[in-house]
Amino acid sequence: MSGRLMTSATAAAFRASEKSRTANGTETGEASMKWRVAGTLLASLAMIVTTAPPTAAVAQAGEAAGGVPGVRVPELSWTACADAPRVQCATAEVPLDYTRPRGRTVRLALARIPATDQARRAGSLVVNRGGPGYSAVDYLQGIVTGALPAPVNADVSARYDIVGVDPRGSGRSVPAVRCFADAAEAEALTRGVSNAPVTAAERRQRAKADARYASLCRKRSGDLLDHVSTVAIARDLDVVRAALGEDRLNYLGQSYGTYLGMVYANMFTGRTGRFVFDSVLDPTRRDTGAPGTTPSARTAGDVATRQTLEEFFRLCAEAGERCAFGDGEPEAAFERILDVLRRGPVRLRASDGTTVPLTYSFVVAWTGSWLYQPMFWNVQGGGAPFLKAVAEAIEDPSGPAGAALAADVVLLGQAGIGGSPYTSPIDAAYHAVTCGETDAPRSARALERLAAERDREAAPFGTLRAYADSACVPWRSANRLRHRGPWDARTEEPVLILSSRFDPATPVWSAQRVHRMLPGSRLLINEGWGHVAAQQSTCVVTATSRYLIDGTLPAEGATCRPDTIPFAAS
């Protein structure tokens, strides 16, 4: 979804699935064990500390606070987070509109994991999970509990406070972008709306729902929508930098967080410390390009998703019996599934007698999601087991196979997988930022033509990725704050750029282009699969950590091996 991570929702879905299977007496050992292993893939490795992160002369107070004279540097008061006591929370008040620094304000939510070796503390490392819109509190809580892998090792967490900021309009920041008055209003709008509309009726329904959704977001959020931009978020980061007492910002951005980091580095080059970009959005193609295109078309993110699926097919076929799907011909088996579902939903009969529709949209959307994490390619509920279950349920929709898949479809839907395009925890903030600063087709008909064109290159993901931003067609925003360049900031410290070779969300070629844009930067590629390279390779985590601690970059042209090779013999 144009850079939107699936990790949190995916994890929730698998935990829910495992819980259900345990309750029903079904074997869960393999899925449960693989999830626990996933949480520890990025184990810490010791490194020798040689130098501290760079510093610079302290800027004047007005300059320090985002370069806007008169903006007060907030004082941070850290306390245990109410719903995540192992993480510290604070708030920072910043202007809603930086051209009116004494006007209305927004309150940013901050989260922190303090350095474990305070005697040798080197400063703060600000992390951004991406989205835009992911909660920093949730991310840091996931790291401390082991539910999510840390992007750095123990040496970094010993010497740095790890800090997250919920960007304006998102997460626990106040006010947050809001589009629905309550769950009932959301349900009324989203019922039956397709993520990947393939019929004329589905496209008409999606266009009608997009228009209503955009109208509701404006009604519920007002002019906040005009001030939720990456430029404003970058200024907020600089205020936070000053509030943390840092002369320069040390930063690790993932997915959309790399775009935010690029904007910051080019706006505040002299305040840029050690920067790491993991899974990169090409800033020159995200926002604008050929008329009538979407970010996924301009960056070819849909093509990257298709290429990752082809890798799944290749590895599955090579694995033979270790891959449960397709009897050695997984691509042909996948196409047979889609051919059936394009003709209409298959009605699965659940164990309680209710009917659960299995749709083309659901299968394509969920496949586009589990491709993000190769650890799920051979785990119950995702990857090959999921597609095998789909194939069996299509043959036996009213029998045991249909009932088993119906239960999984319901659980995945409850976790926000494959369902409505408007109701995930980040959707409101995502659309506010993305639709306010990226070009989109001017009509639903133009989007329909683009999706058909993209499907010819990247089926079945051309339509799925194009419609991820379909709400931007009717969206109206007064935001004029776009950073249109330059993008070639000559930072004092080189930027470390990370990518997987096969990333279904942020293509490797985007990382290669950004590497060419940034003088002195270094590119490290994980020769594997999945979104967020640090989640795929301990080698990547080690290289990132070494750079953050002592400034040592990997060798030019160096690569990393992935931790997980799907379907490999144990």
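What you see is a predicted model, and the numbers here were worked out from it, not measured in a lab. Residue numbers count from 1 along this sequence.
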Seminar exercise, completed: Rounded to the nearest 0.5 Å, the CG atom of L225 sits from the CZ atom of R218 at a distance of 4.5 Å
For this session: Would you check if F362 and V356 make a side-chain contact, meaning some heavy-atom pair closer than 4.5 Å?
Result: no
For this session: State, yes or no, whether a side-chain contact exists between Y467 and E202 at a heavy-atom distance under 4.5 Å.
Result: no
For this session: State, yes or no, whether a side-chain contact exists between S279 and Q254 at a heavy-atom distance under 4.5 Å.
Result: no
Problem set entry | With F312 via ring-ring contact (aromatic ring centres under 6.0 Å, His included) - residues at least two apart | W370, W377, F567
For this session: Give the ring-plane orientation class for Y422 versus H431, where under 30° counts as parallel, over 60° as perpendicular and anything between as tilted.
Result: tilted
Exercise. Does a donor on one side chain sit under 3.5 Å from an acceptor on the other, for T359 and S361?
Worked result: no
Exercise. Any side-chain heavy-atom pair from L405 and F386 closer than 4.5 angstrom?
Worked result: yes
Problem set entry | N/O donor-acceptor pair under 3.5 Å between R465 side chain and S296 backbone | no
For this session: For residues R212 and K208, determine if any side-chain heavy atom of one lies less than 4.5 Å from a side-chain heavy atom of the other.
Result: no
Problem set entry | Interatomic spacing from CG in L148 to CZ in R129 - rounded to 0.5 Å | 5.5 Å
For this session: Enter the distance from Y256:OH to L281:CG here, rounded to the nearest 0.5 Å.
Result: 9.5 Å
Problem set entry | side chain to side chain donor-acceptor pair (under 3.5 Å) against S215, all qualifying residues, sequence neighbours excluded | none
Exercise. Quick check: are there more than 12 heavy atoms from other residues, nucleotides or ligands sitting under 6.0 Å from CZ of R314?
Worked result: yes
Problem set entry | Side chains of D302 and E457 in contact at under 4.5 Å (non-hydrogen atoms) | no
For this session: Show the numbers, then the answer: is there a salt bridge (Lys or Arg N to Asp or Glu O under 4.0 Å) between R456 and E453?
Result: CA-CA 5 Å; R456 286 191 286 272; E453 174 188 317; 5.1 Å; no
Problem set entry | Geometric cation-pi criterion R286 and Y259, 6.0 Å radius, 45° cone | yes
Problem set entry | Rounded distance [0.5 Å steps], OH in Y213 versus CH2 in W475 | 5.5 Å
Exercise. Do T294 and L450 pass the side-chain contact (heavy atoms from CB on, under 4.5 Å) test, and can you show the C-alpha distance, the side-chain angles, and the key distance before you say yes or no?
Worked result: CA-CA 8 Å; T294 61; L450 173 73; 3.5 Å; yes
For this session: Give a yes or no answer on whether the side chain of D396 reaches the backbone of G399 with a donor-acceptor pair at less than 3.5 Å.
Result: yes
Exercise. Taking S500 for the side chain and G530 for the main chain, is one N or O donor matched with an acceptor at less than 3.5 Å?
Worked result: yes
Problem set entry | Under the side chain to side chain donor-acceptor pair (under 3.5 Å) test, residues paired with D278 that sit two or more places apart | none
Problem set entry | Side-chain (S135) to main-chain (D138) donor-acceptor, under 3.5 angstrom | yes
Which pairs would a plain distance check flag for residues 327-341, meaning a side-chain donor or acceptor within less than 3.5 Å of a matching protein atom at least two apart in sequence or in another chain?
| residue | atom | partner | partner atom | Å |
| --- | --- | --- | --- | --- |
| E331 | OE2 | R306 | NH2 | 2.9 |
| D339 | OD1 | R342 | NH1 | 2.9 |

For this session: Look at the side chain of T308 and the backbone N and O of A304, then say whether any donor-acceptor pair between them is shorter than 3.5 Å.
Result: yes
Exercise. Pairs in or reaching into residues 500-509: which pass salt bridge (charged side-chain N to carboxylate O under 4.0 Å, His left out), with residues at least two apart or in two chains?
Worked result: R501-E527
Exercise. Which residues satisfy the salt bridge (charged side-chain N to carboxylate O under 4.0 Å, His left out) test with R220, sequence neighbours excluded?
Worked result: E185
For this session: Would you tell me whether D563 and T538 have side-chain atoms, one donor and one acceptor, within less than 3.5 Å of each other?
Result: yes
Seminar exercise, completed: Rounding to 0.5 Å, atoms CD (E310) and CG (L315) come to a distance of 12.0 Å
For this session: For residues P507 and A300, report the shortest heavy-atom separation together with the two atoms involved.
Result: CG-O, 3.9 Å
Problem set entry | Side-chain (S255) to main-chain (G257) donor-acceptor, under 3.5 angstrom | no
Problem set entry | Heavy-atom side-chain proximity of L371 to F502 below 4.5 angstrom | no
Problem set entry | Check: T434 side chain, Y430 main-chain N or O, donor-acceptor pair, under 3.5 Å | yes
Exercise. Going by distance alone, is a donor N or O of one side chain under 3.5 Å from an acceptor N or O of the other, for T355 and R347?
Worked result: no
Exercise. Just by modelled atom types, is the R561 backbone N or O under 3.5 Å from a matching donor or acceptor in the S537 side chain?
Worked result: yes
For this session: Give, for atom CH2 of W529 and atom CG of L309, the distance between the pair rounded to the nearest 0.5 Å.
Result: 14.0 Å
For this session: Check the pair W509, D282 against side-chain contact (heavy atoms from CB on, under 4.5 Å), reporting the backbone distance first and the verdict last.
Result: CA-CA 9 Å; W509 47 84; D282 181 346; over 6 Å; no
For this session: Indicate yes or no for a side-chain donor-acceptor contact from D455 to the backbone of T463 under 3.5 Å, with no hydrogens or angles considered.
Result: yes
Problem set entry | V177 vs V228 side-chain heavy atoms within contact, under 4.5 Å | yes
Exercise. Taking all non-hydrogen atoms of both residues, which atom of R172 and which atom of D166 are closest, and how far apart?
Worked result: N-OD2, 2.7 Å
For this session: Classify the side-chain pair R206/S470 by whether it contains a donor and acceptor separated by less than 3.5 Å.
Result: yes
Problem set entry | Exam field: side chain Q141 to backbone R86, donor-acceptor pair closer than 3.5 Å | no
